Amino acid sequence: MMQHGYVCPRASDVAGAQGLFTRDQLSQEVERVAVSLLGATLSRTDCAGTVAVRIVEVEAYGGVGEDAASHAHRGVTPRNRAMFESAGLLYVYVAYGMHWCLNVVCGPAGVGSAVLIRAGEVMVGEELARRRRPSARSAVNFAQGPGNLSAALGVTGADSEHDLVSDSSAIQLWRPGAPTPREAIANGPRVGIRREVDRRWRWWLSTSPSVSRARKLTPHTPR
DNA sequence: GCGACGATCTCA
DNA sequence: GAGATCGTCGCC
């Protein structure tokens, strides 16, 4: 059904977005890229409209041979092929047979590292996000969790290998409007994995209500 | 070719 | 706390 008299706000109009990430910025080591994505904006536009989210939670996954929890660990397969392409591409896979999970390929090409975008706050296209997330209780939940975030944006496997840093792209990754203060970032082990559980490769914005879960279980100032 | 198992989410 | 639900990959 068409919307009448409604003009979608552009992602570049929100959150003081300072332009798209560059491929060079995303080609750095995966931990550094993961932290740099906190506060960034991810937008997707299709015939239904535009949804943009502010990224509030990420996890890093290492390249081939480096990180046993990563899909890239054993090398290239048909599923993970996108991980080994250029930084700035999208890698989308299906989890538990029903949820799409969205990753930003990073690091030098061929390494296979990527950042899983686990949660965001919807900044643009709230009505569209609400329609895509009928079971969500409130806007806080629209993009809370990796499967929910993909659903709110309308991302599916068909979007895998899409370029996030091209001016003409339908899915784009915008730099944060302002640097994120270090004290606003919390850190802990990744969620839902059985290998490499000691690696603290999950980062989130400690004040965001849209962080996916278990904040209380992963205090960021252990002693 | 087959079977086990997930980088999850929702509701009881 | 368990069920939904299916693609992927390791192994036979």
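None of the values given here were measured: they were computed from a predicted structure. Heavy-atom basis, side chains included; hydrogens, waters and symmetry copies ignored. In what follows, every chain begins at residue 1, and chains take the letters A, B, ... in the order their sequences are listed.
- A close approach under 4.0 Å does occur between a side-chain nitrogen or oxygen of A:Arg118 and OP1 or OP2 of B:dT8.
- The pairing partner recorded for B:dC2 is C:dG10, the criterion being a Watson-Crick or G-U wobble arrangement whose two distances lie under 3.5 angstrom.
- Among the protein residues, A:Asn148 comes within range of the sugar-phosphate backbone only, with heavy atoms under 4.0 Å from sugar or phosphate atoms but none that close to a base.
- Residue A:Tyr93 and nucleotide B:dA7 are not classified as a stacked aromatic pair, given the requirement of ring centres less than 5.5 Å apart at an interplanar angle below 30°.
- Applying the side chain to side chain contact (heavy atoms under 4.5 Å, CB included) criterion to A:Ala60, with sequence neighbours excluded, gives A:Val30, A:Ala34, A:Trp201, A:Trp203.
- Per the geometry, CZ belonging to A:Phe142 stands 22 Å off P belonging to B:dT8, to the nearest Å.
- Between A:Glu59 and A:Pro146, the closest side-chain pair of non-hydrogen atoms is not below 4.5 Å.
- Using a 4.0 Å heavy-atom criterion, one finds that A:Arg133 contacts the sugar-phosphate atoms exclusively.
- Here CG of A:Leu149 is found 7.5 Å from CD1 of A:Ile55. Values are rounded to the nearest 0.5 Å.
- Between the CH2 atom of A:Trp204 and the P atom of B:dA7 there is a distance of 19 Å, rounded to whole Å.
- Between A:Arg74 and C:dC9 there is no side-chain N or O to OP1 or OP2 distance below 4.0 Å.
- Side-chain atoms of A:Arg175 come within 3.5 Å of backbone N or O of A:Gln18 as a donor-acceptor pair.
- Nucleotide B:dA7 has no partner under the Watson-Crick or G-U criteria, as no pair reaches both atom distances under 3.5 Å.
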Under 3.5 Å between N/O atoms: give me all the protein pairs with nucleotides 3-7 of chain C, atom names plus distance.
unit_1 : atom_1 : unit_2  : atom_2 : d
C:dT5  : O2     : A:Tyr96 : O      : 3.1
C:dC6  : O4'    : A:Gly97 : O      : 3.3

Under 3.5 Å, which protein N or O atoms sit close to an N or O of nucleotides 3-5 of chain B? Give each pair with its distance.
none

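- In this structure the side chain of A:Arg44 reaches within 4.5 angstrom of the side chain of A:Ile171, judged on heavy atoms.
- Put simply, NE2 on A:His73 is 11 Å from P on C:dG10, counting in whole angstrom units.
- Ion pairing between a basic and an acidic side chain is recognised when a charged N comes within 4.0 Å of a carboxylate O; A:Glu126 and A:Arg130 show such pairing.
- For A:Leu149 and B:dA7, the CG to C1' distance is 13 Å, given to the nearest whole Å.
- Here the side chains of A:Pro176 and A:Phe21 are in contact, with some heavy-atom distance below 4.5 Å.
- Not one N or O on the side chain of A:Asn103 forms a donor-acceptor pair closer than 3.5 Å with the backbone of A:Ala114.
- For the pair A:Val104/A:Val33, no side-chain contact is recorded, criterion being any heavy-atom separation below 4.5 Å from C-beta on.
- Atom CG of A:Asn80 and atom P of B:dA7 are 13 Å apart (whole Å).
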